[in-house]
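Here's the structure, in structure tokens; my notes come after.
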Amino acid sequence: MPLSDRELHTLSELENNLREDDPGLDRSLRTMMSPEDTTSIYLTLSILGVFALGVALLVAGWTLTGLAVTVGGTLWLLRWASRRYYHPACHHLVPDDTDQCPRCAAASS
């Protein structure tokens, strides 16, 4: 349910008052990353790590193991992340414990 204009105005005033009262809090809130950003960063680092491990095994002479880790590990991570973090109908990034996508619910209201 979207907020009314009065509620949005009140919320904006509260945010401005908090920012004026505590500049340290304002700075820390501005530098915080959203859960979507951190999930993307961790997923990217995991994929790069598995890929690097596979390439290192290939260079070390373990050809079949290196290929299996490079291809299989990367694809497994992508499949795992798509099932855990992305809503199956709309493909938005959502928490794994929600049945309905919050973005789609807000857009349809």
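- Note on Leu57 and Phe51: separate hydrophobic clusters, where clusters join Ile, Leu, Val, Met, Phe, Trp and Tyr whose side-chain heavy atoms are under 4.5 Å apart, directly or indirectly.
- Remark: Asp22 engages Leu25 in a side chain to side chain contact (heavy atoms under 4.5 Å, CB included) (not counting sequence neighbours).
- Of the inter-residue distances, the one linking Leu18 atom CG with Glu13 atom CD reads 12.0 Å to the nearest 0.5 angstrom.
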Let me have the donor-acceptor pairs involving side chains of residues 62-76, under 3.5 Å, with sequence neighbours excluded, atom names and distances please.
from, atom 1, to, atom 2, distance (Å)
Thr70, OG1, Gly66, O, 2.7
Thr74, OG1, Thr70, O, 2.6

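- Within 6.0 Å of CG on Asn17 lie more than 12 heavy atoms contributed by other residues, nucleotides or ligands.
- Cluster annotation: Leu58 is not connected to Ile47 through the hydrophobic network of ILVMFWY side chains, with a link wherever side-chain heavy atoms come within less than 4.5 Å.
- Residues forming a side chain to side chain donor-acceptor pair (under 3.5 Å) with Ser4 (at least two apart in sequence, or on another chain): Glu7.
- Remark: Glu20 engages no residue in a side chain to side chain donor-acceptor pair (under 3.5 Å) (not counting sequence neighbours).
- In this structure, the side chain of Thr10 engages the main chain of Arg6 through a donor-acceptor pair within 3.5 Å.
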